[in-house]
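Order of listing sets the numbers, starting from 1, for every ligand and every atom in it.
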Amino acid sequence: MGSTSATAHGLKRPLIFLGPPGAGKGTQAKELARHFGVPHLSTGDMFREHVERDTELGRRARPIMERGELVPDEIVLGMVEERISRPDCAAGFVFDGFPRTIPQAERLGAILAGRGFAAPLVLYVDVDYEKLFRRLAGRRTCKVGGEIYNIYDRPPRVPDRCDHDGGELIQRPDDREEVIRERLAAYETQTRPLVDYYRAKSLLREVDGSPDAAAVTRTLLDLVKRDS
Ligand code: AP5
């Protein structure tokens, strides 16, 4: 069972990062999860792990992700439900890239309530499209620990090597221009409606994701601490 009590650093409810591809959800979700000492749950990372391990789920998700479309809700929900039932999630967690459709959000609401968690706080990070393209084209990710860099704005100290563990930095296959366009289209039609969905429930907080990453982190932390 989950708990509504605060973690050592005071996270009282699950956090959800919502926003377009490249807005900085992963970058910020990792920082906040570290700060609050709770798991960072990225459905994109989970799928990429399945693809890497060539599991049955990975074989289903791979072509969908390569086209920039969304993986069907029932697959995502099964994976998330299993993940948050593990003991490390008992004191809370930070979702990154989930939920992404109204049915996912509705089901998540029921799962959280059923496990005794408080209603989530939804951090909506928005950035204009021109910046998103530059961020996605320049993104590099550590193959070992998943740390996120950008060759233009957040370069590693040593080219192509992670500052933390020296792992190789790779480019995601869905960061090609034509796939980025599809991902943005999927975001507009299927995910953006969640902004109004959560706003109507007074669970949404909007944050400008265009300043540098450290400044965005400070804004987010202030906001979460005020809300907790
Ligand atoms: P996913 O991995 O979730 O990708 P996404 O939502 O498209 O988001 P990104 O990871 O591309 O961007 P981000 O906002 O995390 O930005 P980041 O921090 O990396 O999903 C991939 C695929 O999996 C989907 O297309 C779908 O097929 C499937 N999927 C996943 N979840 C699903 C779900 N729930 N339902 C159905 N299908 C699902 O930053 C980007 C770059 O910008 C980096 O280089 C970073 O260093 C840089 N940057 C970040 N912040 C700043 C800043 N403030 N200033 C300058 N640069 C910055």
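- Panel note: side chain Arg183, backbone Pro21; no donor-acceptor pair is recorded below 3.5 Å.
- Only side-chain heavy atoms of Arg154 come within less than 4.0 Å of ligand 1; its backbone N, CA, C and O stay farther off.
- For Ile64, the closest heavy-atom approach to ligand 1 does not fall below 4.0 Å.
- With atom 38 (C) of ligand 1 as the reference point, the heavy atom nearest to it among Tyr149, Phe47, Tyr152 is part of Phe47.
- Taking a cut-off of under 4.0 Å to the non-hydrogen atoms of Gly97, the atoms of ligand 1 that pass are 31 (N), 32 (C), 33 (C), 34 (N).
- In this structure, CG on Leu70 lies 7.0 Å from CD on Gln104, to the nearest 0.5 angstrom.
- Proximity of Met46 to ligand 1 is not established, as no heavy-atom distance is less than 4.0 Å.
- The shortest heavy-atom distance from Pro72 to ligand 1 is not under 4.0 Å.
- Both tests hold for Lys201 against Tyr197: distance to the six-membered ring centre under 6.0 Å, angle to the ring axis within 45°.
- Close to ligand 1: Gly22, with a non-hydrogen atom less than 4.0 angstrom away.
- A heavy-atom separation below 4.0 Å is found between Arg172 and ligand 1.
- Residue Glu69 has at least one heavy-atom neighbour below 4.0 Å for each of these atoms of ligand 1: 25 (O), 26 (C), 27 (O).
- Checked by atom type and distance alone, the side chain of Thr189 pairs as donor or acceptor with a backbone atom of Ala185 at under 3.5 Å.
- At under 3.5 Å, not a single nitrogen or oxygen of Asp45, backbone or side chain, sits near a nitrogen or oxygen of ligand 1.
- Listed by number with element, the atoms of ligand 1 under 4.0 angstrom from any heavy atom of Asp153 are 55 (C), 56 (N).
- Side-chain atoms of Tyr124 and Arg192 include a donor-acceptor pair closer than 3.5 Å.
- Residue contact annotation: Pro20 has a non-hydrogen atom under 4.0 Å from ligand 1.
- A donor-acceptor pair shorter than 3.5 Å cannot be found between the side chains of Thr141 and Glu147.
- If you number the atoms of ligand 1 from 1 as listed, the ones under 4.0 Å from a heavy atom of Arg48 come out as 2 (O), 21 (C).
- Residue Lys25 has at least one heavy-atom neighbour below 4.0 Å for each of these atoms of ligand 1: 5 (P), 6 (O), 8 (O), 12 (O), 13 (P), 14 (O), 15 (O), 16 (O), 18 (O).
- Nearest to atom 54 (N) of ligand 1 by heavy-atom distance, out of Arg140, Gln28, Arg135, is Arg135.
- Residue-ligand proximity, Leu136 to ligand 1, at heavy-atom distances under 4.0 Å covers atoms 11 (O).
- Among the atoms of Gly138, none of the N or O lies under 3.5 angstrom from an N or O of ligand 1.
- Under a cut-off of 6.0 angstrom, the local environment of CD in Glu178 is crowded, with over 12 non-hydrogen atoms contributed by other residues, nucleotides or ligands.
- Listed by number with element, the atoms of ligand 1 under 4.0 angstrom from any heavy atom of Arg183 are 4 (O), 5 (P), 7 (O), 9 (P), 11 (O).
- At a 4.0 Å cut-off, at least one heavy atom of Ala23 sits close enough to ligand 1 to count as contact.
- Note that Arg13 lies outside the cation-pi zone of Phe117, set by a 6.0 Å cut-off to the ring centre and a 45° limit from the axis.
- Near Gln104, meaning under 4.0 Å from any of its heavy atoms, are these atoms of ligand 1: 33 (C), 34 (N), 35 (N), 36 (C).
- Here Asp45 pairs with Arg48 in a salt bridge; the nearest charged N to carboxylate O distance falls below 4.0 Å.
- Cluster annotation: Tyr129 and Val179 are assigned to distinct hydrophobic clusters (Ile/Leu/Val/Met/Phe/Trp/Tyr, side-chain heavy-atom contacts under 4.5 Å, transitive).
- Looking at Val76 against ligand 1, only its side chain comes within 4.0 Å, counting heavy atoms.
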